[in-house]
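Take a look at the structure set out below.
Each chain gets a letter, A, B and so on, in the order its sequence line appears, and its residues count up from 1. Since we're looking at a predicted model, the values are computed, not measured.
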Amino acid sequence: MQRAGEVIPEIVKPIKERRTGTEKEFSLLEKVFDKNKGRPACPVCGAEIVKSEGEVMYYCSNAACPAQVAGRLQLFVSRGAMDIRGIGERQSVMLLKEDLVRDPADLYYLKDKRAELLKLEKMGEKSVDNMLESIEKSKERSLARVILALGIRHVGGEMAGILAEHFNSLDRLAAANREELVDIPTVGPKIAESIIAFFGEEQNRKNIQKLKDADVKLEDEIKEQEELPLTGQEFVITGKLEPFSREKAEAEVRALGGTTKDNVTRNTSYLVVGADPGGSKLSRAQTLGTKQIDEQELLRLLGRNK
DNA sequence: GAGCCTCGAGATCT
DNA sequence: CTCGAGGCTC
């Protein structure tokens with residue numbers, strides 16, 4: 001390990017190409033290339049710097065690089081991810097330096113090291129307890145936050161949300177194959193490969209297992225859709241609808257929590273009657289006393305008061 | 001007309 | 001980065 005302290009904050013950010021980087025980043029990049037006569041090396045760990053194809057960013061190729069380790073820890077504890085209060089840039093570096101933490105999952109085992117934490121600079125009883133409490137609370141974060149916290153390349157907040165929504169558990173995401181991933185809108189080959197590569201890494205699997213062992217929640221509870229306006233309401237449509245097609249109407253009903261069926265039963269809440277309605281559905285609705293509504297009424301229920 | 005490429009717009013990630 | 005449009009090949 002090298003002196004982590006001063007270098008890390010600069011390197012943690014990926015180094016950009018001249019035309020887009022900040023002045024600070026320019027000079028850093030300059031230094032890197034000068035020192036190595038055109039063969040770029042990470043100023044922190046000396047490993048080769050790689051540039052992803054067609055991309056503007058340079059990355060250190062060494063996953064164990066102290067700067068990367070620190071960067072991952074900071075992403076993990078950040079507001080948008082696990083939202084652990086009391087650990088920022090300063091504390092991350094300190095915890096790593098003192099070898100109290102080697103990867104983010106170690107945070108959940110810090111409660112057994114209270115004495116060591118108290119010895120750290122500027123860490124009194126109050127700060128330590130607040131920190132430990134915040135770590136415990138973070139075990140219940142949403143799956144989207146957990147996925148973001150893992151630091152998978154090309155997976156930011158938006159992508160993490162989409163993946164969480166689609167898989168509902170980290171295990172299912174980890175088991176997904178390329179085909180399944182690419183089928184998700186906004187997921188293309190690059191992101192699919194990146195995700196598969198991430199879960200293929202031995203180290204990453206180990207860290208996830210550590211999170212599991214520490215009882216960090218790695219799934220979302222089955223969504224309670226009780227709040228949706230049409231939950232529990234069953235719709236049957238007969239006849240033609242004008243403003244939008246039957247498919248679209250049914251899709252909107254489902255989007256609001258309702259269900260759609262082809263035949264009227266005792267469970268049917270509404271028969272939507274369009275133009276030229278089918279006789280069988282209509283008469284059955286009459287027999288059962290099913291509530292009949294026209295298209296305008298349906299639009300109103302869908303919240304489209306046009 | 002299926003398969004493959006490039007290109008640009010628009011969204012996202014770092 | 002993704003994705004669709006438009007051009008090319010076979």
Side-chain angles (χ1 to χ4, degrees), chain A residues 4 7-33 40-45 47-84 87-90 92-93 96 103-104 141-167 170 173-174 176-201 203-204 207:
Chain A
V7 207
I8 283 177
E10 283 180 283
I11 302 295
V12 160
K13 300 178 202 150
I15 309 155
K16 294 185 175 179
E17 263 181 0
R18 320 186 112 258
R19 55 195 168 87
T20 51
T22 65
E23 199 172 323
K24 203 172 168 187
E25 287 164 340
F26 287 166
S27 69
L28 186 59
L29 191 62
E30 208 95 311
K31 261 193 274 175
V32 173
F33 280 92
C42 172
V44 175
C45 74
E48 190 188 356
I49 285 189
V50 292
K51 182 181 176 187
S52 336
E53 158 200 1
E55 281 188 48
V56 200
M57 306 293 224
Y58 291 93
Y59 299 93
C60 167
S61 61
N62 173 19
C65 170
Q68 290 204 40
V69 173
R72 282 199 296 273
L73 183 58
Q74 277 166 43
L75 169 66
F76 191 90
V77 303
S78 66
R79 288 282 177 99
M82 300 306 267
D83 193 16
I84 295 175
I87 303 181
E89 203 171 293
R90 206 187 102 91
S92 308
V93 172
L96 290 168
D103 67 80
R141 296 280 181 256
S142 65
L143 181 61
R145 282 171 174 271
V146 176
I147 292 173
L148 173 63
L150 293 176
I152 305 170
R153 184 114 89 208
H154 301 310
V155 177
E158 204 68 24
M159 198 63 225
I162 290 167
L163 294 172
E165 173 88 9
H166 192 274
F167 289 101
L170 195 63
L173 171 61
N177 59 30
R178 191 196 149 93
E179 202 176 299
E180 191 178 354
L181 288 165
V182 172
D183 272 346
I184 303 169
T186 76
V187 176
K190 301 268 184 190
I191 292 178
E193 282 306 329
S194 172
I195 291 169
I196 288 170
F198 180 88
F199 288 107
E201 281 288 328
Q203 193 58 47
N204 292 333
N207 290 159

Task: Residues that D103(A) engages under side-chain contact (heavy atoms from CB on, under 4.5 Å), provided they are two or more places apart - done: A105(A), D106(A), N207(A), K210(A)

TODO: Go through the structure and list residues passing side-chain contact (heavy atoms from CB on, under 4.5 Å) with I152(A), not counting sequence neighbours.
DONE: L150(A), V155(A), S194(A), I195(A), F198(A), F199(A)

Task: Residue list, side-chain hydrogen bond (donor to acceptor under 3.5 Å, both in side chains) with D183(A), at least two apart or on another chain - done: none

Report all interatomic pairs (protein N or O, nucleotide N or O of nucleotides 3-5 of chain C) with separations under 3.5 Å.
from: dC3(C); atom 1: OP1; to: T186(A); atom 2: N; distance (Å): 2.6

TODO: Take the protein atom CD of E193(A) and the nucleotide atom P of dC1(C), then report the distance between them rounded to whole Å.
DONE: 12 Å

Open item on the list: Suppose we screen for side-chain hydrogen bond (donor to acceptor under 3.5 Å, both in side chains). Which residues come up paired with N62(A), at least two apart in sequence or across chains?
Closed with: none

- [ ] Would you mind reading off the distance between I191(A) atom CD1 and dC1(C) atom P, rounded to a whole angstrom?
- [x] 8 Å

Task: Nearest-angstrom distance from the residue atom NE2 of H154(A) to C1' of dT12(B) - done: 11 Å

TODO: Applying side-chain hydrogen bond (donor to acceptor under 3.5 Å, both in side chains), name anything that partners E193(A), two or more places apart in sequence or on another chain.
DONE: R178(A)

TODO: Specify the separation, in whole Å, of atom CD of E158(A) and atom P of dT14(B).
DONE: 12 Å

Open item on the list: Whole angstroms only, please: what is the CG-C1' distance between L75(A) and dT14(B)?
Closed with: 10 Å

Open item on the list: Rounded to whole Å, how long is the line connecting atom NZ of K190(A) with atom P of dT14(B)?
Closed with: 15 Å

- [ ] Rounded to the nearest angstrom, tell me the gap between atom CG in D183(A) and atom P in dT2(C).
- [x] 14 Å

Open item on the list: What is the separation between atom CE on M159(A) and atom P on dA11(B), rounded to the nearest whole Å?
Closed with: 16 Å

Open item on the list: For A160(A), is there any backbone N or O sitting under 3.5 Å from a side-chain donor or acceptor partner on R145(A)?
Closed with: no

